[in-house]
Amino acid sequence: MTDDRYETISIESKIREGVFHKVIKDLETGKAVSCSCGCWSKGNKPCAAMKSIGYES
């Protein structure tokens, strides 16, 4: 099943070269809703990659 409401975007980390964040973007709002990184998965804190797309708290 594919969900057309979301898109996964790879954004390179500004701190660690070659490391990519996989950011889930809500196409309806255009805001980031989730990320594969530790900031988000462990602490629920939006990372720089999420903020670069736009993040809704």
Side-chain angles (χ1 to χ4, degrees):
M1 185 180 106
T2 58
D3 195 342
D4 294 336
R5 239 191 101 192
Y6 299 100
E7 175 184 23
T8 304
I9 302 166
S10 288
I11 297 176
E12 190 169 12
S13 170
K14 289 184 170 85
I15 301 157
R16 294 167 64 196
E17 201 175 311
V19 174
F20 286 85
H21 292 253
K22 293 199 176 9
V23 181
I24 309 294
K25 177 181 161 188
D26 185 330
L27 293 175
E28 225 168 76
T29 63
K31 305 277 185 189
V33 291
S34 179
C35 187
S36 63
C37 71
C39 291
W40 184 256
S41 59
K42 291 184 178 81
N44 243 21
K45 293 187 178 84
C47 62
M50 288 176 74
K51 289 175 183 170
S52 74
I53 293 172
Y55 169 74
E56 215 170 74
S57 51

If a pair satisfies side-chain hydrogen bond (donor to acceptor under 3.5 Å, both in side chains) and one of its residues is in residues 35-47, list it, with sequence neighbours excluded.
Ser34-Trp40

Please give the remaining members of the hydrophobic cluster of Ile15, linking ILVMFWY side chains under 4.5 Å, ordered by chain and number.
none

Gap between atom CD1 of Ile9 and atom OG of Ser52 - 0.5 Å precision:
8.5 Å

Residues 19-32, side-chain donor-acceptor partners within the protein, below 3.5 Å, at least two apart:
residue : atom : partner : partner atom : Å
Asp26   : OD1  : Glu28   : N            : 2.8
Asp26   : OD2  : Arg5    : NH2          : 2.7
Thr29   : OG1  : Lys31   : N            : 3.2

